[in-house]
Amino acid sequence: MYETTYHRPSSVDEAAALFAKGAEAKYLAGGHTLIPVMKQRLASPSDVIDLGRIKELVGIELSADALTIKAATTYFDILQSADAGKAIPAIVHLTSVLGDPQVRHRGTIGGSIANNDPAADYPAAVLALGATVKTNKRSIAADDFFQGLFTTALEDGEIITQVAFPIPAKAAYSKMRHPASRFALTGVFVVKTKSGDVRVAATGASQNGVMRVPAIEAALKANWSAAALDGVKISEDGLLTDIHGSSAYRANLIKVMAQRAVTEAG
Amino acid sequence: MGVEGIGASVVRKEDRRFITGRGRYVDDIKLQGMTYAQFVRSPHAHAKVKSIDSSEAMKMPGVVGVLTGQQIVDDKVGNLICGWAITSKDGTPMKMGAWPAMAPETVRFAGQAVAVVIAETKNQAKDAAEAVVVEYEELPAAADISAAIKPGAPQLHPEAPGNVIYDWAIGDEAAVKDAFSKAANVVSLDLTNNRLVPNAMEPRAAIAEYNEAEEHFTLYTTSQNPHVARLVLSAFYNIAPEHKLRVVAPDVGGGFGSKIYIYPEEMVALWASKKVRRPVKWTGDRSEAFLTDAHGRDHITKAEMAFDKDNRIIGLRVKTHANLGAYMSLFSSAVPTYLYATLLSGQYNIPAIYAEVVTVYTNTAPVDAYRGAGRPEASFLLERLMETAARQLKVDPAELRRKNFITTFPHQTPVIMAYDVGDFGGSLDAAMKAIDYAGFAARKAKAKSEGKLRGIGFSCYIEACGIAPSKAVGSLGAGVGLWESAEVRVNPVGTIEVLTGSHSHGQGHETTFAQLISERLGVPISQVQIVHGDTDKVQFGMGTYGSRSIAVGGTAIVKAMEKVEAKGKKIAAHLLEASEGDIVIENGEFKVTGTDKSIALPMVALAAYTAHNLPDGMEPGLKETAFYDPTNFTFPAGAYICELEVDSGTGKTSFVNFVAADDFGRLINPMIVEGQVHGGLAQGIGQALLEGAVYDSSGQLVTASFMDYTMPRADDLPSFKLNHTPTLCPGNPLGVKGCGEAGAIGASAAVINAITDAIGNNRLEMPATPDRVWHAIHG
């Protein structure tokens with residue numbers, strides 16, 4: 001590791017101000033992405049600004065229409081939340097198959113979506129549920145938020161404060177774990193909204209990260225059932241090929257995981 | 001069997017310090033004035049080193065020195081060697097290229113060191129290492145066997161044209177040709193034995209200290225065999241004469257073969273400690289372990305089996321290409337030859353065998369022995385062939401094997417090995433019963449009706465361990481003998497120390513060996529200390545690998561104990577005024593048989609050391625040494641059966657059951673044996689389903705961390721059901737065979753046989769990842 005200055009701001013405004021002052025600052029949430037990268041000497045921020053202890057960034061709120069998770073809430077807290085379990089059990093299930101206990105006790109939803117790892121689980125939930133990402137500057141719709149491999153709509157220094165998930169009529173997440181990293185080799189989140197729309201998001205499959213799957217959305221809108229997807233063919237174009245899975249295999253997984261998620265969603 | 005004797009599942013003595021964080025591993029050791037080493041490593045798989053500029057690095061804080069490959073060559077430190085001479089079919093010796101500890105001119109695998117920074121702290125060393133500027137001229141790389149042997153391939157070593165190290169054969173080519181010409185059926189199989197990274201939990205580390213006043217070196221190192229390290233460092237690497245070099249292997253966190261070899265980093269640490277006149281410590285990180293620990297396996301094989309009309313095997317023909325990596329590691333030449341091809345008879349009565357092995361240099365990390373070392377490759381090949389044959393010949397896989405089992409012993413195979421004893425049918429019976437083989441067809445049908453693919457697979461393995469005898473291995477090209485030593489010291493007040501040439505890096509010797517003493521001499525194991533791992537304490541030993549320690553190390557202890565007993569009986573007889581022949585040892589007491597006259601061992605010991613009243617002419621003291629050279633290998637064997645289901649939508653495999661029936665001869669500590677089997681099975685299953693070291697075509701290691709290299713986790717594995725079907729080994733007084741590698745040797749074939757059964761496609765390579773299995777199902 002290189003030398004860096006560690007800060008513990010107690011508010012979002014203080015954090016943003018520290019960021020602006022630093023030569024090359026980085027925010028720290030759970031640390032499971034930033035710290036390993038720093039240990040490998042692949043990143044050397046001048047300042048590390050810890051968002052994890054800012055009270056206004058921690059908590060879960062439930063309204064009639066939305067489950068709002070504040071950005072620095074840990075996965076563990078989500079797992080323990082009765083509100084989350086009641087409102088969107090699919091999110092709780094996703095959280096339970098994410099990482100491992102050590103990751104779940106430290107990792108945060110804000111950190112996950114700000115990083116936008118192409119195999120992360122949370123982007124699939126945010127995109128499929130059509131959530132709204134609120135920052136210290138504005139609100140960003142999920143469809144506008146994810147912009148490619150490790151790229152989001154966030155501007156330099158912008159801090160995610162919370163994510164508001166509209167409560168769906170039906171939802172589920174089915175994940176094929178990458179055997180080594182336990183990220184998503186392919187994970188599919190399916191949603192039937194209260195207004196009858198269908199949104200499906202796949203993570204781990206594409207070189208660009210989380211993506212909508214229009215072919216599956218159309219088939220499910222016509223017929224919400226696993227069988228409705230039997231005849232659907234997913235294109236391999238743009239899908240990842242690596243030692244753990246060919247693009248043909250990932251295309252297959254998009255379909256199979258979607259089918260299993262639909263069955264799970266009921 | 002007492003509560004702490006042979007056969008008792010005594011809780012391990014060493015665990016107390018391990019699980020309370022009080023182990024003393026190399027990295028825990030701190031010496032006064034210690035400096036830290038960080039290696040500068042080549043990012044290229046094949047390149048010329050044009051220049052090394054350390055001027056900026058030398059100016060950085062805390063830097064004590066920057067040393068290069070040219071300097072180590074100039075100081076006449078010897079090149080690393082391979083210690084087993086293999087001769088090609090045409091009579092020429094193996095073509096060994098030069099391997100300097102740090103590359104002065106040419107790097108041949110990504111991660112090879114070219115320089116080392118020595119600094120006051122580890123971070124200062126790392127910072128300065130980044131400031132060392134190395135100019136490389138990249139060369140084309142040959143990153144796998146086919147790239148290395150094709151015409152026009154880049155040449156790695158001038159000594160080895162075409163990158164071929166040797167082209168060796170064993171067996172009877174003419175007899176095999178004859179068998180195949182008469183065969184009623186021929187079964188062929190092409191298969192790969194996938195390359196593995198050992199990944200012991202503790203990465204390698206070394207601390208070297210030079211005592212200028214005495215011109216004496218001390219090396220603390222993560223070694224499975226500190227005496228071999230001292231021998232090699234002294235005789236071949238010119239570090240120091242043996243009597244001026246102490247090697248200590250303290251607590252070591254796993255080896256699996258990867259810590260047998262004497263690596264560049266240890267050599268450099270020793271040499272550097274004299275150059276900078278400070279102790280030098282190097283602790284590898286996990287990336288370095290992936291890049292530079294000796295890898296395992298990496299064979300490509302074509303195999304064919306000839307059957308007569310009664311489905312008896314009449315011939316076996318094998319052609320293997322084995323990748324040894326960029327340089328020949330210490331044992332590397334023996335692994336795909338004498339540790340592999342000599343096991344190709346398996347459990348079967350095969351009259352004619354012919355095997356050819358071509359070893360190849362590639363721009364990848366050196367490859368050497370890794371848990372099983374050659375025997376997993378042989379067993380996998382044979383057991384996949386047998387299952388393939390059963391399917392082709394339309395015979396039950398258990399019956400085909402049974403028909404061909406060796407049933408009379410001793411049995412001389414056509415490939416050197418002479419099996420002493422065994423009961424292959426007994427193990428197979430036990431395994432079939434344990435898994436309820438009779439009920440499998442119904443279970444498979446039921447699964448099918450539920451849309452699931454269920455399969456069952458067999459693996460009847462045999463292996464050779466306790467590698468021996470010295471004369472035999474010497475005649476086959478080994479540079480060392482393979483005996484073991486033990487010194488049993490009874491202290492004056494009756495406690496016992498056993499100095500063993502074996503080394504425990506997870507095996508539990510401190511407990512098992514103490515049990516041997518407890519059994520014979522009736523001393524509680526709390527009063528027995530097993531001493532190992534220090535060349536200052538134990539005079540010489542060959543270390544621990546190849547599942548040798550109980551058969552060879554344990555027998556050496558028994559033989560030393562016999563000498564102690566004999567002397568003890570003489571002293572007791574003298575003190576009790578009885579005849580020596582009437583003395584027996586019971587519960588730690590020397591008794592005159594048929595009377596109540598006895599004297600406890602501590603009193604006998606005290607008598608030996610006070611020497612007030614010893615038989616005329618007897619020397620004081622009660623301490624005896626034995627060197628034991630076995631007369632044959634031992635042959636653990638068994639049957640593994642695996643039942644599993646494949647999810648046809650994802651290709652993922654889930655275990656239903658995994659049973660083992662192993663013949664390890666006598667078990668000293670059944671709990672430790674079970675632990676060994678579990679670990680071995682985890683590694684065998686890991687190879688079959690999960691693990692695989694992959695290089696891209698430019699020689700970059702793609703699987704260079706746990707994010708891409710899939711290590712088995714507990715939830716990847718089934719709950720194993722172990723059974724024991726022992727036949728006592730006639731070759732040693734304990735009747736033991738060894739058990740450390742069996743699981744890693746036999747498990748893989750059972751898994752692949754079961755998956756191929758489930759999916760109805762016999763073409764499937766390891767690791768059988770969900771991706772590969774799905775493609776095997778769907779195309």
Side-chain angles (χ1 to χ4, degrees), chain A residues 1-4 32-33 36-42 44 97 99-101 103 117-119 174-188 204-205 226-227 229-230 233 236 239-263, chain B residues 38 61 121-124 126-127 129-131 194-195 197 199 285-288 290 451 647-653 685-686 688-696 700-716 765 767-779:
Chain A
M1 275 219 239
Y2 301 106
E3 255 191 46
T4 188
H32 272 268
T33 299
V37 163
M38 287 174 70
K39 282 168 78 172
Q40 283 162 27
R41 297 177 158 236
L42 297 172
S44 52
V97 298
D100 55 46
V103 167
D117 186 303
S174 196
K175 173 181 181 178
M176 179 70 182
R177 279 168 142 166
H178 184 291
S181 72
R182 303 263 170 124
F183 273 70
L185 189 60
T186 293
V188 179
L229 302 182
D230 280 343
K233 184 127 189 3
E236 289 178 46
L239 297 190
L240 285 163
T241 284
D242 60 26
I243 59 173
H244 297 284
S246 66
S247 50
Y249 176 65
R250 282 179 161 91
N252 157 73
L253 281 181
I254 291 175
K255 184 171 105 170
V256 170
M257 293 296 114
Q259 288 177 309
R260 294 183 188 187
V262 169
T263 304
Chain B
Q38 180 76 11
T121 73
K122 193 164 180 168
N123 276 328
Q124 287 171 332
K126 282 186 169 179
D127 288 345
E130 284 179 11
N194 47 326
R195 184 176 178 121
V197 176
N199 277 319
D285 62 26
R286 186 57 60 182
S287 296
E288 286 175 299
F290 268 99
D647 178 331
S648 84
T650 63
K652 189 156 168 36
T653 298
I685 292 171
L689 280 185
L690 304 167
E691 298 180 55
V694 175
Y695 285 87
D696 71 15
Q700 293 300 309
L701 182 61
V702 168
T703 52
S705 79
F706 294 131
M707 292 294 279
D708 281 298
Y709 188 92
T710 309
M711 287 291 279
R713 294 172 169 88
D715 68 354
D716 291 317
E765 297 282 18
T769 58
D771 169 65
R772 283 189 167 158
V773 175
W774 183 83
H775 278 288
I777 298 172
H778 299 280

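Letters A, B, ... mirror the listed sequences (proteins, then strands); counts begin at 1.
Chain A forms the most heavy-atom pairs under 4.5 Å with one residue out of B:T710, B:V694, B:D771, and that residue is B:D771. Counting heavy-atom pairs closer than 4.5 Å to chain B, the top-ranked of the candidates A:Q40, A:R182, A:R250 is A:R182.
Contacts of B:T703 with chain A are made by side-chain atoms alone, with heavy-atom separations under 4.5 Å and no backbone atom involved. Looking at B:D647, the atoms closer than 4.5 Å to chain A (heavy atoms on both sides) all sit in the side chain, from C-beta outward. Both the backbone and the side chain of B:P770 come within less than 4.5 Å of a heavy atom in chain A. Looking at B:M711, neither its backbone nor its side chain comes within 4.5 Å of chain A, counting heavy atoms on both sides. Using a 4.5 Å cut-off between heavy atoms, B:E130 touches chain A through its side chain atoms alone. Contacts of A:R260 with chain B are made by side-chain atoms alone, with heavy-atom separations under 4.5 Å and no backbone atom involved.
Under the 4.0 Å criterion applied to side-chain N and carboxylate O atoms, A:K39 and B:D285 are not assigned as salt-bridge partners. No salt bridge links A:D100 with B:R713; every basic N to acidic carboxylate O contact stays at or beyond 4.0 Å. Using a 4.0 Å cut-off between charged side-chain N and carboxylate O, A:R177 and B:D716 make no salt bridge.
Within a 6.0 Å radius of NZ in B:K652, no more than 12 heavy atoms belonging to other residues, nucleotides or ligands are found.
Minimum interatomic distance between B:T650 and A:Y249 (heavy atoms only, all atoms of both residues): O-OH, 2.6 Å.
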